[in-house]
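See structure below.
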Amino acid sequence: MQKVGVSCKFLFFLLLIPSIGYAQYANDWIKQGQSYYRIPVARQGIYKLTYDDLQSAGVPVAAIDPRLIQIFHRGKEQSIYVQGQADAVFNTSDYIEFFGQPNDGTLDKGLYKPSSLQPHNYYNLYSDSTAYFLTWNFAVTPGKRVEVFDEVNVTNIPKDEFHTDEKLLVNKSEYSPGRTSNDVIQYTHFDQGEGWTGARLQPGQSLDYTIDQITNTFTTAAVPQLEILLVGLDDSEHTATVFVGPNTSSLRSLGAYTFSGFEAYKITSPINWNDLGGGEQLVVRLSASAPAGNRPQFSTSYIKLNYSQNFQSAGINEKVFTLSPVALGKSYLEFENAPATFRLWD
């Protein structure tokens, strides 16, 4: 799928912390003798670094050829935009822009044995912040740059009527230790069901979750798709009943789902446009059956809703547009009521 991100203004001020790195095994992006400035990122967005930002952090901007500036994340160089680099001088009005993403569970996968036991990678076990590293190449090799694109639709590509909007609710209020022996013994590696998750459901209990800001729906497209990840909290059989609707008084059952032990159990189901009720929210209720005993049965790790949305752009501050693949590899979009500062990043 193609993803297009949009940002209308730059919301972030970043303080860079100098950090010197040296070449080592599997870190060939680190060059001995170069300085690296750490940029902590905890939220997805377009980040802007001005001349003053860099100077305040100790970066010798006046002595740097901006064409040689690089930014790395997880060992890979990122494409960045450097305003005013053509004259080989970083002037006071110049700046850097890059697309930053928060930390997730990608690097946690190796902690599980086997790695397939990781429940999901939407949330990191230890920190929501990741680090981008700014440096400049002494080898006079230009850094990777964002390509500025501008083209008239001379081939009359038909415009896309909708895109896929995603609402993701990640629960992280409690930590599940996962599989244990006699509620005490655990392996040193991460095991089945281990990780951050939502509130525990006892037998006979239910819990409601609300997904809001469901706007500009395109209801002539395919129906919305709901995905729920449940994690077992007890070495027994669990039955979860799922209800959906626009509010707590208008819920319908999607069905009952049975799974066992500390399994991470994924439910995927289409829902009706009427389940959104023409409002701007979806209520999802999880209910635990009532077997013998009162031990916790399961928790909800995340709820994800994908639905079709038009290109109405009034009031957008920042947003991700996910486009369907097309044979030409190129899409034509028209954004209605877009603000004057509207910009797209692909």
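The first residue of the sequence shown is numbered 1, and numbering continues consecutively from there. Keep in mind it's a predicted model, so treat the numbers as computed, not measured.
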Problem set entry | Single hit among Leu168, Asp165, Ile214, Val244 for side chain to side chain contact (heavy atoms under 4.5 Å, CB included) with Leu305 | Ile214

Exercise. Is Arg343 salt-bridged to Glu318, cutoff N-O under 4.0 Å?
Worked result: no

For this session: Check whether more than 12 heavy atoms from other residues, nucleotides or ligands sit under 6.0 Å from atom NZ of Lys266, and answer yes or no.
Result: no

For this session: Go through the steps to decide whether Ile157 and Lys330 satisfy the test side chain to side chain contact (heavy atoms under 4.5 Å, CB included), and finish with yes or no.
Result: CA-CA 9 Å; Ile157 301 172; Lys330 183 183 296 185; 3.8 Å; yes

Exercise. Is there a donor-acceptor contact under 3.5 Å from the side chain of Gln281 to the main chain of Pro246?
Worked result: yes

Problem set entry | Distance-only polar pair, side chains of Asp212 and Thr210, donor-acceptor under 3.5 Å | no

Exercise. Does the cation-pi check pass for Lys159 over Tyr332, that is, NZ or CZ under 6.0 Å from the six-membered ring centre and within 45° of its axis?
Worked result: no

Problem set entry | Donor-acceptor under 3.5 Å (Asn337 side chain, Ser313 main chain) | no

Exercise. Looking only at heavy atoms, which two atoms of Ser236 and Gln297 are closest? And how far apart?
Worked result: OG-OE1, 4.3 Å

Exercise. Is there a side-chain contact between Tyr302 and Asn171 (heavy atoms, below 4.5 Å)?
Worked result: no

Problem set entry | Test item: Tyr36 side-chain N/O and Lys31 main-chain N/O as donor-acceptor pair under 3.5 Å | yes

Seminar exercise, completed: Output for pair (Ser206 OG, Arg285 CZ), nearest 0.5 Å, gives 5.0 Å

Exercise. Going by heavy atoms in the side chains, are Lys144 and Ile80 under 4.5 Å from each other?
Worked result: no

For this session: Give the C-alpha distance, both sets of side-chain angles, the deciding distance and a yes or no for ring-ring contact (aromatic ring centres under 6.0 Å, His included) between Trp29 and Phe133.
Result: CA-CA 10 Å; Trp29 63 279; Phe133 292 90; 5.6 Å; yes

For this session: Decide side chain to side chain contact (heavy atoms under 4.5 Å, CB included) for Phe218 and Asn216; before the verdict, give the C-alpha distance in whole Å, the side-chain angles of both, and the deciding distance to 0.1 Å.
Result: CA-CA 7 Å; Phe218 192 85; Asn216 301 324; over 6 Å; no

Problem set entry | Verdict with supporting geometry, Arg200 and Glu174, salt bridge (charged side-chain N to carboxylate O under 4.0 Å, His left out) | CA-CA 8 Å; Arg200 300 170 176 231; Glu174 297 191 25; 3.1 Å; yes

For this session: Kindly say whether Ser127 contributes a backbone atom to a donor-acceptor pair with the side chain of Asn124 at under 3.5 angstrom?
Result: yes

Exercise. Between the side chains of Thr197 and Ser176, does any donor sit under 3.5 Å from an acceptor?
Worked result: no

Exercise. Going by distance alone, is a donor N or O of one side chain under 3.5 Å from an acceptor N or O of the other, for Gln309 and Lys319?
Worked result: yes

Exercise. Taking the side chain from Ser253 and the backbone from Gly255, do they hold a donor-acceptor pair closer than 3.5 Å?
Worked result: yes

Exercise. Roughly how far apart are Thr141 OG1 and Gln70 CD, rounded to 0.5 Å?
Worked result: 7.5 Å

For this session: Please assess Val146 against Ser79 for the test side chain to side chain contact (heavy atoms under 4.5 Å, CB included), listing each intermediate value before the final yes or no.
Result: CA-CA 5 Å; Val146 170; Ser79 292; 4.2 Å; yes

For this session: Could you tell me how the ring of Phe311 sits relative to the ring of His163: parallel (under 30°), tilted (30 to 60°) or perpendicular (over 60°)?
Result: tilted

Exercise. Can you find a heavy atom in the side chain of Arg145 that is under 4.5 Å from one in the side chain of Gln85?
Worked result: yes

Exercise. Do Asn272 side-chain atoms and Asn274 backbone N/O form a donor-acceptor pair below 3.5 Å?
Worked result: no

For this session: Determine, using the 4.5 Å side-chain heavy-atom cutoff (strictly less than), whether Leu201 and Val170 are members of one ILVMFWY cluster.
Result: no

For this session: Heavy atoms only: give me the nearest Ile271-Val223 pair and the separation to one decimal.
Result: O-CB, 3.2 Å

Exercise. Within a reach of under 6.0 Å around OH of Tyr187, are more than 12 heavy atoms found that belong to other residues, nucleotides or ligands?
Worked result: no

Problem set entry | CG on Leu117 to CZ on Phe262, rounded to 0.5 Å | 12.5 Å

Exercise. Is the backbone N or O of Gln225 less than 3.5 Å from a side-chain atom of Asn306, with the two atoms forming a donor-acceptor pair by type?
Worked result: no

Problem set entry | Close side-chain approach of Lys109 and Asn121, heavy atoms under 4.5 Å | no

For this session: Give the minimum heavy-atom separation between Pro296 and Gln202, together with the two atoms involved.
Result: N-OE1, 3.4 Å

Exercise. Mind checking whether Leu226 and Leu254 have side chains closer than 4.5 Å, heavy atoms only?
Worked result: yes

Exercise. Who passes salt bridge (charged side-chain N to carboxylate O under 4.0 Å, His left out) against Asp275, sequence neighbours left out?
Worked result: Arg252

For this session: Classify the ring geometry between Tyr51 and Phe90 as parallel (under 30°), tilted (30 to 60°) or perpendicular (over 60°).
Result: tilted

Exercise. Are the side chain of Gln101 and the backbone of Asn103 linked by a donor-acceptor contact shorter than 3.5 Å?
Worked result: no

Exercise. Between His238 and Gly261, is there a donor-acceptor pair closer than 3.5 Å when you use the side chain of the first and the backbone of the second?
Worked result: yes

Seminar exercise, completed: Tightest non-hydrogen contact, residues Phe259 and Gly232, listed as CE1-N, 3.6 Å

Exercise. Are any of the side-chain heavy atoms of Val326 and Ser331 separated by less than 4.5 Å?
Worked result: yes

Exercise. Is the shortest heavy-atom distance from the side chain of Ile69 to the side chain of Ile96 under 4.5 Å?
Worked result: yes

For this session: Apply the test side chain to side chain contact (heavy atoms under 4.5 Å, CB included) to residues Gln186 and Glu194: give CA-CA distance (whole Å), side-chain angles for both, the deciding distance (0.1 Å), then the verdict.
Result: CA-CA 11 Å; Gln186 290 181 275; Glu194 188 167 359; 4.3 Å; yes

Exercise. Are Leu230 and Ile267 side-chain neighbours, meaning at least one heavy-atom pair lies under 4.5 Å?
Worked result: yes

For this session: Over all heavy atoms of both residues, which pair between Pro102 and Thr130 is shortest? Give the atoms and the distance, please.
Result: C-CG2, 3.9 Å

Exercise. Taking Tyr37 for the side chain and Gly58 for the main chain, is one N or O donor matched with an acceptor at less than 3.5 Å?
Worked result: yes

Problem set entry | salt bridge (Lys or Arg N to Asp or Glu O under 4.0 Å) partners of residues 68-81, not counting sequence neighbours, each pair once | Arg74-Asp104

Exercise. Any chance the side chains of Tyr112 and Gln192 put a donor and an acceptor closer than 3.5 Å?
Worked result: no

For this session: Give me the one residue out of Trp345, Tyr47, Phe72 that meets ring pair (Phe, Tyr, Trp, His ring centres under 6.0 Å) with Phe98.
Result: Tyr47

Exercise. If you round to the nearest 0.5 Å, how far is CG of Leu251 from OG of Ser287?
Worked result: 11.0 Å

For this session: Verify the distance criterion only: is there a donor paired with an acceptor across the side chains of Glu161 and Asn310 at less than 3.5 Å?
Result: no

Exercise. Any chance the side chains of Gln34 and Thr135 put a donor and an acceptor closer than 3.5 Å?
Worked result: yes

Exercise. Is the Phe190 ring parallel, tilted or perpendicular to the Tyr126 ring (thresholds 30°, 60°)?
Worked result: perpendicular

Problem set entry | Which residues share a side-chain hydrogen bond (donor to acceptor under 3.5 Å, both in side chains) with Tyr122, sequence neighbours left out | Lys304

Exercise. Cut-off 3.5 Å, side chains only: do Gln78 and His73 have a donor facing an acceptor?
Worked result: no

Exercise. Any side-chain donor paired with an acceptor under 3.5 Å for Asp53 and Thr50?
Worked result: yes

Exercise. What is the minimum heavy-atom distance between Val89 and Asp94, and which atoms define it?
Worked result: O-OD2, 3.0 Å

